[in-house]
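Okay, structure first, notes after.
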Amino acid sequence: MFRSLRIYNYRLWIVGALISNIGGWMQSTAQDWVVLTQLTDNNAAAMGVTMALQFTPPLLLVGLTGTVADRFDRRKLLMVTQSTLMLLAITVGILLLTHVMTLPLMWFFALCFGVANAFDAPARQTFVSDVVSRENASNAVALNSASFNMARLIGPAVGGFMIVLVGTGWVFIVNAVTFLAMLVVLWVMRADELVPTLRARGGARMADGFRYVAKRPDLLVVMGMVFLVAAFGMNFPIFASTMALEFGRNADGYGLLSSVLAIGSLAGALMAARRDRARMRVVMFAAGGFGVASLVSSMMPTYVLYATTLVFVGFCTVSMLTTANGYVQTTTDPVLRGRVLALYMGIMQGSTLIGAPTAGWVASEFGPRAAIQVGAVAGLAAFALGATWLALSGKLHRHESGGLRVQIDDTRVLRVIEDTEVDTRA
């Protein structure tokens with residue numbers, strides 16, 4: 001489960017990522033609570049707009065961000081993006097502490113965070129494959145997700161209590177400080193131990209990434225399943241905050257729901273780390289499990305019961321996303337990995353442009369339970385998409401033992417593009 005931790009650079013990376021992600025989840029909790037309770041009168045639709053502005057740039061800029069991730073030194077690129085995010089957090093924190101923040105201004109900074117993250121996400125996801133060898137890539141991706149969700153377990157709860165104790169402005173300032181951990185890690189890494197980056201001759205063109213994915217039906221199906229769940233089912237800030245208000249809870253109650261969700265998320269990531277490779281069937285069944293768990297959660301009559309069901313929601317969500325990410329990384333030609341991952345991240349995060357305003361509107365008009373149920377239907381639809389593809393693709397075979405048992409051949413042998421060269425620049 002923890003084999004990637006034998007690598008010095010990866011140990012550094014996972015520690016820096018954990019510290020930075022804890023701050024990121026604290027900030028996310030504070031931002032959502034500011035929009036919902038300080039800048040509006042419990043307006044879930046306004047929160048949906050905030051989320052859409054933050055997650056739209058990865059989709060709109062996918063043609064540029066993937067090319068940048070494949071073209072430039074990812075370690076240095078991450079230093080730039082992490083520094084930018086740190087400066088933005090400091091600025092928002094000061095504006096909140098001086099009581100001059102407004103809703104339009106928060107929307108502007110949400111867009112700025114989105115642009116910075118649009119360049120940061122594909123570089124960060126791809127950089128994991130630069131730190132470890134290919135045979136450890138799936139494990140490293142899963143442990144990276146486990147670190148992210150461990151931070152999700154800690155960050156929202158700490159953020160919620162900090163909001164109550166010292167206010168939202170200081171949460172942004174503390175997050176800015178946590179970015180220093182990642183910057184230090186990137187600085188002290190042993191550059192000569194990083195895996196040499198494969199690059200295509202003639203430069204990196206995003207169109208090559210699009211053409212590659214278009215010829216890979218399995219990737220199209222994976223991205224389609226991720227889009228459905230991410231767009232309509234993963235609007236957790238809207239679901240958890242509005243459900244917390246429905247149960248009469250404050251910011252600490254909202255933060256606790258996010259942390260409970262992370263318990264299942266962490267378990268899902270660790271389970272993914274135990275698998276020898278990422279498989280399509282796991283993505284499919286996890287999407288279906290997400291739909292069922294979300295539907296059950298929408299019917300819970302008390303805060304405690306609702307929080308309990310979120311463990312299962314989190315487990316299915318991260319099982320799906322971690323496996324999908326690992327599948328994309330480990331079955332994509334290395335020369336195109338940055339561009340394909342940028343497209344994957346753009347679809348996953350950019351889907352919020354459609355899903356978050358929709359979820360916010362449904363929650364405002366029909367209540368948060370109806371919004372959660374829309375997400376549940378999306379999860380079941382994603383399962384149906386994956387099952388249909390498996391049935392039509394010839395991946396189902398009669399089991400070797402005979403009888404009525406069947407087996408699924410959903411692995412793919414990596415075929416590397418021949419026209420490549422190794423770029424060993426640090």
Fill in: Distance (rounded to the nearest 0.5 Å) between Leu380 CG and Leu228 CG
11.0 Å
Discussion item. Classify the ring geometry of Phe232 against Phe227: parallel below 30°, tilted from 30° to 60°, perpendicular beyond 60°.
Written reply: perpendicular
Worksheet item: Looking only at atom types and distance, does a side-chain atom of Asn235 sit under 3.5 Å from a main-chain N or O of Ile238, one as donor and one as acceptor?
Response: no
Worksheet item: Going by heavy atoms in the side chains, are Leu245 and Leu36 under 4.5 Å from each other?
Response: yes
Worksheet item: Is a donor on one side and an acceptor on the other found under 3.5 Å between the side chain of Ser28 and the backbone of Gly24?
Response: no
Practice prompt. Please tell me if the side chains of Ile372 and Met243 come closer than 4.5 Å, counting only heavy atoms from C-beta onward.
Written response: yes
Worksheet entry | Donor-acceptor contact below 3.5 Å, side chain Ser294 vs main chain Gly291 | no
Kindly list each side-chain donor-acceptor pair under 3.5 angstrom involving residues 300-308, sequence neighbours excluded, with atom names and distances?
| residue | atom | partner | partner atom | Å |
| --- | --- | --- | --- | --- |
| Thr302 | OG1 | Leu305 | N | 3.3 |
| Tyr303 | OH | Gly253 | O | 2.7 |
| Thr308 | OG1 | Val304 | O | 2.8 |

Worksheet item: Does Thr37 offer a backbone N or O that forms a donor-acceptor pair with the side chain of Asp41 under 3.5 Å?
Response: no
Worksheet item: Going from CE on Met182 to CG on Leu18, what distance comes out if it is rounded to the nearest 0.5 angstrom?
Response: 9.5 Å
Discussion item. So Phe315 and Ile263, do their side chains get closer than 4.5 Å, heavy atoms only?
Written reply: no
Response to the item:
In this structure, CD of Gln82 is separated from OG1 of Thr178 (nearest 0.5 Å) by 8.5 Å
Response to the item:
Which of Thr84, Val80, Val68, Leu78 passes side-chain contact (heavy atoms from CB on, under 4.5 Å) with Phe119? It is Val68
Practice prompt. For residues Leu88 and Val92, determine if any side-chain heavy atom of one lies less than 4.5 Å from a side-chain heavy atom of the other.
Written response: no
Item to complete: Could you tell me the separation between the CG atom of Leu180 and the CD1 atom of Ile19, rounded to the nearest 0.5 Å?
Response: 10.5 Å
Response to the item:
Rounded to the nearest 0.5 Å, the CG atom of Leu39 sits from the CD atom of Gln31 at a distance of 10.0 Å
Fill in: Residues forming a side chain to side chain donor-acceptor pair (under 3.5 Å) with Glu365, sequence neighbours excluded
none
Fill in: Under the side chain to side chain contact (heavy atoms under 4.5 Å, CB included) test, residues paired with Leu95 that sit two or more places apart
Thr91, Val100, Met101, Leu105, Phe109
Worksheet item: What is the distance from atom CG of Leu186 to atom CG of Asn9, rounded to the nearest 0.5 Å?
Response: 10.0 Å
Worksheet entry | Sequence-distant partners of Arg249, salt bridge (charged side-chain N to carboxylate O under 4.0 Å, His left out), two or more places apart | none
Worksheet entry | Any donor-acceptor N/O pair, Ser364 side chain to Trp361 backbone, under 3.5 Å | no
Worksheet entry | Criterion side chain to side chain contact (heavy atoms under 4.5 Å, CB included) on Leu321 and Met348, from CA distance to verdict | CA-CA 9 Å; Leu321 292 182; Met348 184 181 71; 3.9 Å; yes
Worksheet item: Where do Arg75 and Asp73 land on the salt bridge (charged side-chain N to carboxylate O under 4.0 Å, His left out) test, with the steps shown first?
Response: CA-CA 6 Å; Arg75 186 166 68 107; Asp73 184 336; 5.1 Å; no
Worksheet item: So do the side chains of Phe285 and Met320 get within less than 4.5 Å of each other, counting heavy atoms only?
Response: no
Worksheet item: Counting heavy atoms not belonging to Tyr10, are there more than 12 under 6.0 Å from its OH?
Response: yes
Give every donor-acceptor pair under 3.5 Å between a side-chain atom in residues 156-173 and any protein atom, sequence neighbours left out.
none

Item to complete: Answer whether the closest heavy-atom distance between the side chains of Leu261 and Leu257 falls below 4.5 Å.
Response: no
Worksheet entry | Close side-chain approach of Leu310 and Phe239, heavy atoms under 4.5 Å | no
Worksheet item: Do the non-hydrogen side-chain atoms of Gln54 and Leu111 ever get within less than 4.5 Å of each other?
Response: no
Worksheet item: Would you say the side-chain atoms of Ser20 pair up with the backbone N or O of Gly16, donor to acceptor, closer than 3.5 Å?
Response: no
Worksheet item: Hey, mind stepping through Arg124 and Thr81 against side chain to side chain donor-acceptor pair (under 3.5 Å) and telling me if it holds?
Response: CA-CA 10 Å; Arg124 181 162 27 88; Thr81 57; over 6 Å; no
Worksheet entry | Donor-acceptor under 3.5 Å (Asp120 side chain, Ala116 main chain) | no
Discussion item. Show me the pairs that pass salt bridge (Lys or Arg N to Asp or Glu O under 4.0 Å) and involve residues 174-185, at least two apart or across chains.
Written reply: none
